[in-house]
Amino acid sequence: MKPTNITLWGVNHKTAPVEVRERLAIDAASLPELTRQLLGAPGMQECMVLSTCNRVEFLTLTESAEPDLLQFLERHFDVEAKTLSPHMYTYREREAIQHLFRVAASLDSMVVGEPQILGQVKESFAVARSVGAVQASLDKLLRMALVVAKKVRTETQIGSSSVSIASTAVELAKRIFASLEGKQVLLVGAGKMSELAARHLLQHGVAPMLMANRTFDRAVSMAQRYGGHPVRFDDLHAHADKADIIITSTGSHEPIFRREHAQKMLQRRRNQPIFFVDIAVPRDVDPLVNRLDGVFLYDIDDLQSVASSHLSERGKEAEKAERMIQREVDRYQQSLRALDVVPAIVEMQRNFENTRQAETRRLQNKLQSLSAEQRSAVEALTRGLMNKYLHQTVQAMKLAAKEGDAATVKTICDMYEIDPSAAEVVRGNAARPSAPSAIDLERQDGTEADAELKVGL
Amino acid sequence: MHLLWLRVAAVFYCVACATTLPAVLYRRPRLQRVALPATLGGFFFHFVAIVEMLVAARHWMPVGMHEVESVLSILIVAAYLIVVFTYRATGFGIFALPLGLLLLITPAMGRDHSTFSSPMIRSGWLFLHIGALLAAYAALIFSLLSSLLYLMQEQRLKRKDGPGFLAWLPPLAVMDTIAQKSLVIGFPCMTLGLLAGSLIAQESVGAGYFLDPKVMLSFAMWALYVAMLMLRRSVGIRGRRAVYVSGLAFIVVISVWAANLLSSVHRFPGP
């Protein structure tokens with residue numbers, strides 16, 4: 001078996017400006033073809049291409065000689081190698097695995113913890129599999145990357161808090177109302193930010209919104225756009241108490257909602273909580289309103305400050321996640337090493353089985369007097385003894401492989417005169433593709449001894 | 001044998017408390033996976049212990065102090081489990097589990113010598129009286145707890161804090177629902193419990209029972225309960241005001257409990 005290498009090449013938002021990244025951008029339609037072409041590069045065994053707004057990365061499994069990826073990119077993207085090379089990074093073996101795990105877990109994203117990247121990795125993985133660019137080795141690695149990413153999400157709070165103004169407003173609303181299903185929202189005025197917040201709220205199942213605007217026609221057009229009900233600005237206070245959430249972003253220089261308005265609203269609502277999101281500057285809601293029990297007022301600065309604190313919280317969680325990734329990379333490498341000794345163990349098992357069968361044949365004449373039942377008992381006895389003697393050696397070999405102790409593995413191989421090519425696989429790096437599994441070998445060989453070995457592994 | 005099961009339950013509750021606190025306060029999902037099974041384990045052994053205790057005492061209701069504490073403890077843990085499975089509000093465990101454990105510690109220490117034996121303890125009316133009132137107390141405790149947590153969350157939202165030590169607090173609506181439902185469930189329990197007690201007292205003491213301080217306080221507690229329920233329904237009191245009213249009701253409950261010392265009607269001979 002020829003040794004192979006895992007390499008991860010790419011550019012991302014940290015290493016390349018958008019002018020460079022956009023020249024490498026790959027749309028979803030051309031991703032399968034590009035992956036296929038990359039697979040056709042000399043020495044390429046398996047590969048996957050990941051392309052998002054913030055990164056373009058190429059995960060490759062190659063024979064010892066690495067293909068010239070810069071040349072490949074120059075040919076396919078009409079971009080000169082000398083323009084690309086200062087922005088490109090290359091990670092090999094352990095570093096490549098670690099980087100892949102970090103990307104999938106959203107630790108390398110522009111907004112750490114954002115959830116989209118996991119879906120993008122999954123999509124790229126699916127495309128690479130569909131064109132046959134991902135097989136046993138990268139398949140195992142990528143599956144592991146997805147598992148690790150999910151683990152990071154469940155065991156840390158990295159993605160639990162919102163970092164944008166609109167999603168922070170939604171999160172705060174959930175802290176008040178638990179579920180936003182069927183909640184009434186009143187949108188006062190129009191603005192990009194308030195419309196964004198409204199869209200977020202609609203995604204969470206709020207009731208058809210009330211839309212108020214000084215220009216009634218605008219309220220009507222907004223209501224049509226979001227499937228809500230227009231409200232005349234003069235009737236605003238008559239309708240306001242129906243709303244659980246009020247988002248304001250008017251250009252008014254005077255507050256639209258003052259303390260007395262909020263007090264009346266509370267009375268009419270029998271003290272049910274009201275959440276004001278005031279995105280306007282100057283503010284539309286008198287800050288004194290927040291002093292009333294049951295009224296919660298957040299202006300643009302408050303939302304910004306909560307979003308920032310979430311961001312710093314994510315930073316702390318990211319440290320935890322980094323430690324998890326390190327552990328997972330170690331585990332992954334250990335699992336590869338443990339698998340790497342499988343051919344050597346199978347070879348050893350086969351040698352023993354051959355010897356056992358030869359000895360049984362040699363004594364065939366002496367055993368002729370035995371009944372069929374007695375002969376099968378002898379057969380079982382010899383096989384049992386062989387397995388018992390082998391057990392400790394196999395365990396020692398697996399342990400040594402797990403710890404990366406190539407010398408011990410080599411000594412055992414020498415002791416049992418195992419084919420050096422089978423033993424060689426343990427000396428390589430951990431990122432190498434796994435050797436054929438015991439089950440595969442069992443299928444090829446078909447011996448019962450191998451089937452027993454499978455249990456031991 | 002019931003003492004052994006009570007101690008096993010106490011150990012389970014200890015584990016549940018020790019894991020729930022960091023799981024909730026520091027958001028450790030792994031510990032949460034230990035906390036809930038530990039609570040369920042504790043609840044199971046606690047239930048077994050109570051059944052054994054009552055069978056051994058040959059009555060079907062808690063009458064001694066240890067029995068009452070033990071039953072109140074299991075009711076609080078049961079209410080907590082209902083809250084967790086219905087609303088996923090594990091934050092309640094920070095208070096409910098230590099309270100349940102605290103109430104269990106004395107019964108788990110040793111035998112109760114302050115119990116009494118009376119032919120009345122096999123009466124169905126007394127069973128209804130004690131059982132319903134204990135359920136009402138547990139409901140009141142949960143209502144107070146929910147109101148307190150509501151107030152904490154309300155203040156946190158008003159201060160506009162980012163994620164921090166109190167990020168585990170459940171949403172306001174959840175706590176409001178729990179407070180409201182606890183009261184609604186507790187009200188018929190308290191009414192039934194007091195009615196059953198009145199009937200028993202009428203039979204054994206006669207009309208004079210109504211002037212007894214314990215009985216008078218009990219009816220004051222019921223009136224306060226009604227007022228609290230009506231205020232919540234009509235005005236919709238929440239937050240600070242809800243804590244004041246629930247706190248007052250809780251003080252009255254404690255007074256009713258303590259009024260056994262002054263009561264002539266509600267006093268029973270020792271064994």
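Please read these numbers as outputs of a predicted model, since none were measured by experiment.
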State, yes or no, whether a side-chain contact exists between [X] and [Y] at a heavy-atom distance under 4.5 Å.
{"X": "A:F296", "Y": "B:E154", "result": "yes"}
{"X": "B:K160", "Y": "A:N290", "result": "yes"}
{"X": "A:R270", "Y": "B:R233", "result": "no"}
{"X": "A:F275", "Y": "B:L157", "result": "no"}

*Thinking salt bridges, do A:D293 and B:R238 make one under a 4.0 Å N-O criterion?*
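Not counted as a salt bridge, because no side-chain N and carboxylate O are separated by less than 4.0 Å.
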*For B:S234, is it the side chain, the backbone, both or neither that has a heavy atom under 4.5 Å from a heavy atom of chain A?*
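Only the backbone of B:S234 comes within 4.5 Å of chain A.
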Is chain B contacted by the side chain of [X], its backbone, both, or neither, given a heavy-atom distance below 4.5 Å?
{"X": "A:K316", "value": "neither"}
{"X": "A:Q272", "value": "both"}
{"X": "A:R269", "value": "neither"}
{"X": "A:S179", "value": "neither"}

*Non-hydrogen atoms of B:V174 and A:A178 that approach each other most closely*: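 So the minimum-distance heavy-atom pair works out to CG2-CB, 3.8 Å.
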*Quick one: closest heavy-atom pair of B:L169 and A:R175, and the distance?*
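Shortest heavy-atom separation between B:L169 and A:R175 comes out as O-NH1, 4.1 Å.
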*Around A:K320, counting heavy atoms of other residues, nucleotides and ligands shown, do more than 12 lie under 6.0 Å from its NZ?*
yes
*So with a 6.0 Å cut-off around CZ of B:F47, is the heavy-atom count from everything else above 12?*
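At most 12 heavy atoms, drawn from other residues, nucleotides or ligands, come within 6.0 Å of this atom.
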